[in-house]
Amino acid sequence: MSSAASAPVHFPKLTVPQGLSRTFPSLENRNFRLLLSGLLVSGTGGWIQRIAQDWLVLTITDSPTAVGVVTAFQFAPTILLGLQGGLLADRLPKRALLLVTQVSMSLTAAALAVLTLTGVVQVWHVYALAFVLGIIAAVDNPARQSFVSEVVQGPQLPNAISLVSCTFQIGAMTGPVIGGVLMSTMGAGYAFAVNALTFVAPVVALSLMRGTPLRRPRLSPSAADNEAQSRPAAPQARAGLQYAMENATVLWPIVMAGAFGFFTISLPVTLAAFAKNEFHTGASGLGLLNAMVALGAMGGALATARRQRPLRLRTVGYAAWGLACAMLLAAAAPQQLLFTLLLVLVGAANLGFLTKAQSLVQLATVPHLRGRVVGLYMLVFIGSGAVGGPVVGWMAETYGARAALLVSGAIPALVTIVVCRHLAHLGSLRMSLSTISVRLPRVSVTPRG
């Protein structure tokens, strides 16, 4: 064998274009690029399944309420297990945990594909598998969200959080279109099968990650004492709740996210009712409506990722106002074309608000509690969606899709008013107290001789 044949082959190093690295500095991190690519593929598959699942249940039952029940089954486990899932994310190596959850979600999608392709699927099958998927997601969500802070650290972290949201929305834009094509040409079973295969991407990406930073956050001595392994699991899980209650920068974004999550998580349910009962456009029309939401969301994610100024509670409040107004405008749109175009605005506003709220929560949380606080955030956001799914579906079925969307914008708007007035009152009170303390004369006490 010649020396040339035995010489090692050196592959060119993959680099990020300079313009992209300046705009999205987190892309300079190889491990984050791997994570992002895996999430993009699996996120697309998840939306393929979501659109196929909703349409399958609507076809079997002819009931938007039943579609909302599927949403409830899928998200209800987060209410029961959200804090425990966050504790697992803080206690176990997140990469290994994510490998387990990704494989488990792939098997769940494969089971639904087999049931559908063999023609034996019933609505209770969909409910049961949605519940199993929800149990897995209760662990996967806090682990995945907090894992970003281990892959990317320092000033690049806000940009990384925004890009993760961006990939999710790219999947949300392409997934419904692919799902609609698959359902109209091959059937829902093939859509579920495609989703099962997409989980290969994050498994491979997680397996290829090497080097640093992939470290779990180290506890300070005082935190280590408080987080001793001998303590019962329940108080440890509640530590994230206690931290949130004591920090306004964490608490109020979670409150507003819960108010919007009650309605916005069930937006595909409302759009399914629009496609079937208002516009009569079928599965392909539903895919188009969801894709328009995702198109706006992708634009909102890119704009958020480019943001350089630090986040504040006021910024999250403005974003919440924008989302409420966008939903009210869409509900009032008299024509299908205008409604479809306004969904782009809804998608951008929804993504902008959720990304800002979640980013502020993560950045304001100490590292050793981040998994539990993210678990609490997901519990409130997804848990409220689990409760809201049947409610929104019932409103769409009883009063029409347009009325359901109108309420979905009006109630969160009222919650935003209450929160913003409360924060403004607290700000004025603190300013007044600061002014009084400045104006008070200094009193010196001279001891008597």
Side-chain angles (χ1 to χ4, degrees), residues 8-17 20-21 23-46 85-109 136-171 195-219 301 305 355 358-359 362-363 365 367-375 378:
V9 178
H10 298 281
F11 293 96
K13 184 179 179 180
L14 181 62
T15 59
V16 179
L20 277 179
S21 65
T23 305
F24 310 117
S26 57
L27 291 179
E28 296 177 354
N29 186 310
R30 173 185 177 273
N31 287 330
F32 180 66
R33 293 199 302 270
L34 285 170
L35 177 65
L36 206 63
S37 59
L39 292 178
L40 174 60
V41 176
S42 64
T44 302
L87 179 61
L88 286 176
D90 282 335
R91 285 283 169 263
L92 300 178
K94 294 182 180 62
R95 180 165 57 162
L97 195 61
L98 287 172
L99 284 170
V100 173
T101 58
Q102 297 299 301
V103 172
S104 300
M105 287 191 282
S106 177
L107 294 175
T108 303
I136 302 168
V139 178
D140 179 80
N141 282 327
R144 174 166 36 85
Q145 298 292 341
S146 57
F147 184 56
V148 176
S149 64
E150 294 186 10
V151 177
V152 179
Q153 298 172 352
Q156 295 180 352
L157 181 57
N159 180 257
I161 294 173
S162 298
L163 283 178
V164 169
S165 298
C166 183
T167 58
F168 176 80
Q169 296 305 329
I170 292 174
N195 180 43
L197 292 175
T198 61
F199 287 100
V200 173
V203 169
V204 171
L206 290 166
S207 302
L208 290 176
M209 289 184 182
R210 295 290 184 271
T212 56
L214 279 177
R215 309 186 191 95
R216 295 173 61 191
R218 296 181 178 180
L219 301 180
T355 301
Q358 184 179 339
S359 298
Q362 288 206 44
L363 295 172
T365 303
H368 71 275
L369 289 176
R370 189 167 285 146
R372 274 162 283 186
V373 172
V374 171
M378 302 307 295

Considering all heavy atoms of both residues, which atom of Leu98 and which atom of Leu206 are nearest to each other, and what is their separation? CB-CD1, 3.7 Å
Give the minimum heavy-atom separation between Ala196 and Ser106, together with the two atoms involved. O-OG, 2.8 Å
Please confirm whether the backbone N or O of Arg372 pairs with a side-chain atom of Asp90, one donor and one acceptor, at under 3.5 Å? yes
Pick out which of Val100, Thr108, Val103 makes a side-chain contact (heavy atoms from CB on, under 4.5 Å) with Ile136. Thr108
I'd like to know if the side chain of Ser207 reaches the main chain of Val203, judged simply by a donor and an acceptor atom lying under 3.5 Å from each other, with no hydrogens or angles considered. yes
Can you give me the closest heavy-atom contact between Leu97 and Ala143, atom names plus distance? CD2-CB, 3.9 Å
Sub-4.5 Å side-chain heavy-atom contact between Val148 and Phe32: yes
Which atom pair, heavy atoms only, marks the closest approach of Ala205 to Leu34? CB-O, 3.2 Å
Closest heavy-atom pair, Glu150 versus Lys94, reported as atoms and distance to 0.1 Å, is OE2-NZ, 2.7 Å
When rounded to the nearest 0.5 angstrom, what distance separates CG in Leu87 from CG in Leu369? 10.5 Å
Excluding sequence neighbours, so at least two apart, what forms side chain to side chain donor-acceptor pair (under 3.5 Å) with Thr101? Asp140
Once you round to the nearest 0.5 Å, how far does CG of Leu363 lie from CD of Gln358? 10.0 Å
Ignoring hydrogens and geometry, is there a side-chain-to-backbone donor-acceptor pair from Arg144 to Leu39 under 3.5 Å? no
State the OG1-CE distance between Thr198 and Met105, to the nearest 0.5 angstrom. 9.5 Å
Minimal non-hydrogen separation, Pro142 against Ala137, with atom names: CD-O, 4.2 Å
